[in-house]
2 protein chains.
Amino acid sequence: MNEEEKALVKSYFSPKKLRKKQYLLQEGDACKYLAFVEQGLLRSYNVDDKAVEHMLQFAWEGWWISDTYSFLSGEPAAYNIDAIEDAELLLITLPHFEEMMLQVPRMERYFRILFQKNIISKERRLLSSISLTAEEKYLRLQHSNPELVQRIPQQLIASYLGITPETLSRIRKTIVQKK
Amino acid sequence: MNEEEKALVKSYFSPKKLRKKQYLLQEGDACKYLAFVEQGLLRSYNVDDKAVEHMLQFAWEGWWISDTYSFLSGEPAAYNIDAIEDAELLLITLPHFEEMMLQVPRMERYFRILFQKNIISKERRLLSSISLTAEEKYLRLQHSNPELVQRIPQQLIASYLGITPETLSRIRKTIVQKK
DNA sequence: AAATGCACTTGATATTTATCAAGTAATGCT
DNA sequence: AGCATTACTTGATAAATATCAAGTGCATTT
């Protein structure tokens, strides 16, 4: 990308800082922004009838996060997004996003490829989810994404895997014992 | 899309017919094609150490199917793809796909948007998978995708939901009894 | 029409995971 | 440093789901 393009792309975004525990998006609101994480750590999740949180995604430096459906459709968001660690973001609105796609074909391509990669990783997580035991899921996550396991609090990892914190605690114990 | 573009796009694809139970792709081979389903029904799945199949995706008229990772990277496929019903497909190779993206920006856009939608539906399936009971998963699938539940054999639906055929059979029984 | 093979069902039991309750360790706040 | 809050662990028990084994019904083949 040349300097001119870089400047143009940058002009579509606005910076935003978020303190730990602050919301970027709350369920029910329209998701106005797609966020690029420059610094820090965010999560998206939903909350069920029993007030249990279910992690959809974590996003740190270099990752994108939003409620994709709400962002694109304008419908109320199904998910919450908040900061697990203080964060610095670059935000883009849908009109700016669409404009950018048209003005900078390179970005259209960038996002098509980004989305491809996202699909591939979601497919893997899905297959883990439907085919592995709790322990296998944890071990595979640890193997495929060690930074996540290291950086994210344990209860959130449990939620991400679809198991209870107690079960994860016990699994970790047996893994240590096996060594 | 004008006639010229349509003809150009069409020229990148080659047709293929598949009989029921025939493979389009076998685990370990490179996935050479991205397939568009004109007619019929396909599935992608993997097989674990215990020879149990785990459904990743079903694709019927108007859907696309491939092992996305293998298709893009050239690495051996992790999944099998075969026909549940006799099928007619349009196949495109990666070089043709890339060429088409460059020659027809409209298609770049089409796939970016297609991938967005794919991500949204995978996210929903993932959240169902990590947050619902077996019965809730089945009911939600039935509600969100009645054609799938009607058209796909029950054992494959069970696998798609990450439960055993026996459990699904019992769940269906209790649902009927409740009515 | 009889025979074979699948898909689905049903039953008994085992295993995995969740729930509830209490404890201990770690962290944040003033 | 001391107190409060939150995160994690552990134990006892309950609930959900898997496994294994037979059986039934239905369709396909001969």
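As the structure is a computational prediction, the values presented were derived from the model and not from experiment. So that the names make sense, note that chain A is the first sequence line, chain B the second, and so on, each numbered from 1.
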Between NZ of Lys20(B) and P of dC6(C) the distance, given in whole Å, is 12 Å
note: Gln177(B), atom CD; dT10(C), atom P; distance rounded to Å ~ 9 Å
Rounded to whole Å, CZ of Arg172(A) lies from P of dT10(D) at a distance of 11 Å
note: Lys50(A), atom NZ; dC20(C), atom P; distance rounded to Å ~ 9 Å
- Query: Side chains of Arg172(A) and Tyr138(A): do they bring a donor and an acceptor to under 3.5 Å?
  - Reply: yes
Distance criterion of 3.5 Å, no angle test: do you see the side chain of Glu166(A) paired donor-to-acceptor with the base of dC20(C)? yes
Ile130(B) CD1 to dT17(C) P, in whole Å, measures 15 Å
Test of ring centre spacing under 6.0 Å for Phe36(B) and Phe13(B)
no
Checklist entry - Could Arg124(B) and Tyr69(A) be counted as a cation-pi pair, given that NZ or CZ must be under 6.0 Å from the ring centre and within 45° of the axis? => result yes
Regarding the side chain of Ser169(A), the nearest nucleotide among dA18(D), dA7(C), dT10(D) is dT10(D)
Less than 4.0 angstrom between a side-chain N/O of Gln154(A) and OP1 or OP2 of dA7(D), yes or no? no
Kindly indicate whether the side chain of Arg170(A) and the base of dT19(C) share any N or O donor-acceptor pair separated by less than 3.5 Å? yes
Cationic N near anionic O, under 4.0 Å, Glu98(A) to Arg109(B) = yes
ask   = Hey, does Thr167(A) have a side-chain heavy atom less than 4.5 Å from the side chain of Leu161(A)?
value = no
Ile84(A) CD1 to dT27(C) C1', in whole Å, measures 17 Å
Rounded to whole Å, CD1 of Ile171(B) lies from P of dT10(C) at a distance of 14 Å
Looking at Thr167(A), does any N or O in its side chain come under 4.0 Å of the phosphate oxygens OP1/OP2 on dA18(C)? yes
Using OP1 and OP2 only, check whether a side-chain N or O of Thr133(B) sits under 4.0 Å from dA16(D). no
Among dT19(D), dT10(D), dC8(D), the one nearest any side-chain atom of Lys173(A) is dT10(D)
Here the distance between atom C1' of dT27(C) and atom CD of Glu85(A), to the nearest Å, is 15 Å
With a 4.0 Å cut-off on heavy atoms, is Leu168(A) in touch with a base, just the backbone sugar-phosphate, or nothing at all?
nothing
